[in-house]
Asker: 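The structure's right below; bear with me while I get my questions together.
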2 protein chains.
Amino acid sequence: MQQSRPDGEPSYDVGPINHHVLHEQIYDALKRHMMMGRFTPGQRLPLRKLAQSLGTSLMPVRDALQRLESVGVVVSSPTRTMIVPEPTAKEQRDLVHIRSLLEADAAAKAALNHTEAELAQIAGHCDSIRKSAETDDLDLFLEANYNFHMAIAVASRISFITTILEPLWLRMGPLVRNYMPNHDHFLRAIANHERILEALAARDPEKASSGIIHDVIESNRFDA
Amino acid sequence: MQQSRPDGEPSYDVGPINHHVLHEQIYDALKRHMMMGRFTPGQRLPLRKLAQSLGTSLMPVRDALQRLESVGVVVSSPTRTMIVPEPTAKEQRDLVHIRSLLEADAAAKAALNHTEAELAQIAGHCDSIRKSAETDDLDLFLEANYNFHMAIAVASRISFITTILEPLWLRMGPLVRNYMPNHDHFLRAIANHERILEALAARDPEKASSGIIHDVIESNRFDA
DNA sequence: TCGTGTCTACTGTTATAACAATTTTTGCGG
DNA sequence: CCGCAAAAATTGTTATAACAGTAGACACGA
């Protein structure tokens, strides 16, 4: 990995640092909060309250919220206060359906295009999911599950795919603590994910995409 | 459609007016500019220049640009100046592929779910496309084509579908004046769109989705 | 001629304040 | 206790100003 350099030429490659401006940090924090289901559906998100709790002025909070709004992760009330949405039953079905369309395609391509490093990372997330099931750690499960699916999307090499998928996931965030209660769901999730991992390792596109569809639909089956 | 009301109760239903705050008006203007291919790939979009040309301060312009950035329609340079992107060949292929996935599904559902009013509107856009071909009016074609596809997406009743599709379209904007030069493209586009319209009128999902796929792929065939 | 450093635009970010619109609270009258 | 109007608090939008990087021009020295 180390770049060779001509004799006598010292290296200045100390690497770039994490240069995140305020509103990006806030965006990431809110996104994470949303993904983990830490906001309740219908909750109001007034700028000044958030800004005070973050110790900043209104502007960077407003930036972050507007960005979330533009991808539908929060919605703005008639008076333009941002609100955590409460997806209807149909909206939930449609979100799951679109996700299954896109993620199935991504999984098939990931099976063909993934690197070994990526596969190892995905396997790591799969381990985390197993561990979360053993300890009934919902927080860990949510995070590992999210990372698992996003890592597959990245490995698909489809341009912009995470930009499209991430908001769809985030929109389900507020509901994520409503179901997935019993231990049975955990067990099925483990089985699904390991089947997907196998398919990726075997570079089998059909098995990967059918596995993803099965997982996406089953883990969002509210009528059960 | 008219709501009945109790006797003696006058109607105040004059309907809401277009209450767009500044940054939304600017967003719409920029979006339109992008869709019509009026920005050149790689063009810088400095806040003060745009604000001056719009006669506003920086803030609403910044709001609009950040919103465009969050859906990938513009990209921010390392120094955070917004720039009109130049999609690579692979990015273009992937955009077309994702669009064909989503629009095919939407067209199939639109065939089943559309109202007569929606069908009439879609037919209207189809007429505009024909007219644009007769007069070689590229501006009219771009707008009518866009409206045609978005109207189908709306008629599909899939939640959030336009939120997802619109940015994909807009990302192709900067390139839209590079091809579609000769009259032959126009003719094929007319044929494709009328075939889709027929399928919708006949409520034939398979024909609608295959028609859309054919149109999306053909009208973005750069290697021709 | 080429590299180096300095100075000056330029440019986006953030904080603050004034403003308008809305919501909530308060208080009065019945 | 209820209805309602007025007052106060809440809240998002926009403009402005101060600030911190960044890029380009320019001159100096090897």
Asker: Parallel, tilted or perpendicular for B/Phe141 and B/Phe186, by the 30°/60° rule?
Answerer: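 Plane angle over 60°, so perpendicular.
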
Asker: D/dT10, OP1 or OP2 - any side-chain N/O from A/Lys49 closer than 4.0 Å?
Answerer: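 So the side chain of A/Lys49 is outside the cut-off, no N or O lying under 4.0 Å from OP1 or OP2 of D/dT10.
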
Asker: Without decimals, in angstroms, what is the distance between A/Asp63 CG and D/dT13 P?
Answerer: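 So the two atoms are 11 Å apart, to the nearest Å.
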
Asker: Looking at D/dA18, which nucleotide sits across from it as a Watson-Crick or G-U wobble partner, both distances under 3.5 angstrom, or is there none?
Answerer: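 By the stated definition (distances under 3.5 Å), C/dT13 pairs with D/dA18.
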
Asker: What nucleotide among D/dA15, C/dA15, C/dG12 has an atom nearest to a side-chain atom of A/Ser57?
Answerer: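 Looking only at heavy atoms from C-beta outward on A/Ser57, the closest nucleotide is C/dA15.
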
Asker: Would you mind reading off the distance between B/Met82 atom CE and C/dT13 atom C1', rounded to a whole angstrom?
Answerer: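 It works out to 11 Å between those atoms.
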
Asker: If you count heavy atoms of other groups shown closer than 6.0 angstrom to CD of A/Gln43, is the number above 12?
Answerer: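 Count over threshold, so yes.
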
Asker: Which residue lies toward the 5' end of DNA chain D, B/Arg48 or B/Thr56, if each is placed at its nearest nucleotide?
Answerer: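 By nearest-heavy-atom nucleotide position, the 5'-most residue is B/Thr56.
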
Asker: Among the candidates D/dT14, C/dA15, C/dT11, find the nucleotide nearest to the side-chain atoms of A/Pro60.
Answerer: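 Nearest nucleotide to the side chain: C/dA15.
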
Asker: Check the distance between D/dC19's P and B/Arg80's CZ and give it to me in whole angstrom.
Answerer: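 Atom-to-atom, B/Arg80 to D/dC19, this comes out as 21 Å.
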
Asker: For D/dA6, measure the glycosidic angle (O4'-C1'-N9-C4 for a purine, O4'-C1'-N1-C2 for a pyrimidine) and name it syn if it falls within 90° of 0, otherwise anti.
Answerer: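 That one's anti.
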
Asker: Look at B/Lys131 together with B/Asp127 and state whether they make a salt bridge at an N to O cut-off of under 4.0 Å.
Answerer: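 No.
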
Asker: Taking OP1 and OP2 of D/dT22, is either one under 4.0 Å from a side-chain nitrogen or oxygen of B/Thr79?
Answerer: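 False: B/Thr79 side-chain N/O out of range (4.0 Å or more) of D/dT22 OP1/OP2.
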
Asker: Identify, between B/Met59 and B/Arg44, the residue whose nearest nucleotide on DNA chain C lies closer to the 5' end.
Answerer: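 That would be B/Arg44.
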
Asker: When we call it a touch if two heavy atoms are under 4.0 Å apart, what does B/Ile26 touch: a base, just sugar-phosphate, or nothing?
Answerer: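 The answer is nothing, as B/Ile26 stays clear of every strand by at least 4.0 Å.
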
Asker: Ignoring hydrogens and angles, state whether a donor on the side chain of B/Asn145 or B/His125 is under 3.5 Å from an acceptor on the partner side chain.
Answerer: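 Note: B/Asn145 and B/His125 side chains miss the donor-acceptor criterion.
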
Asker: Taking atom types as they are modelled, is there a donor-acceptor pair under 3.5 Å from the base of C/dG12 to the side chain of B/Arg62?
Answerer: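 Absent.
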
Asker: For a 4.5 angstrom cut-off between non-hydrogen side-chain atoms, does A/Lys31 reach A/Glu166?
Answerer: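 Side-chain contact under 4.5 Å: yes.
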
Asker: Nearest to the side chain of B/Thr81, heavy atoms from C-beta on, is which of C/dG12, D/dT11, C/dA15?
Answerer: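 Between C/dG12, D/dT11, C/dA15, the one nearest the side chain of B/Thr81 would be C/dG12.
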
Asker: Identify which nucleotide among D/dT14, C/dT13, C/dA15 has an atom closest to any side-chain atom of B/Leu22, counting heavy atoms from C-beta outward.
Answerer: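 My answer, after comparing the listed nucleotides, is D/dT14.
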
Asker: Figure out the CG/C1' separation between B/Leu58 and C/dA15, and round it to whole Å.
Answerer: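 The distance from CG of B/Leu58 to C1' of C/dA15 comes to 14 Å, rounded to the nearest Å.
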
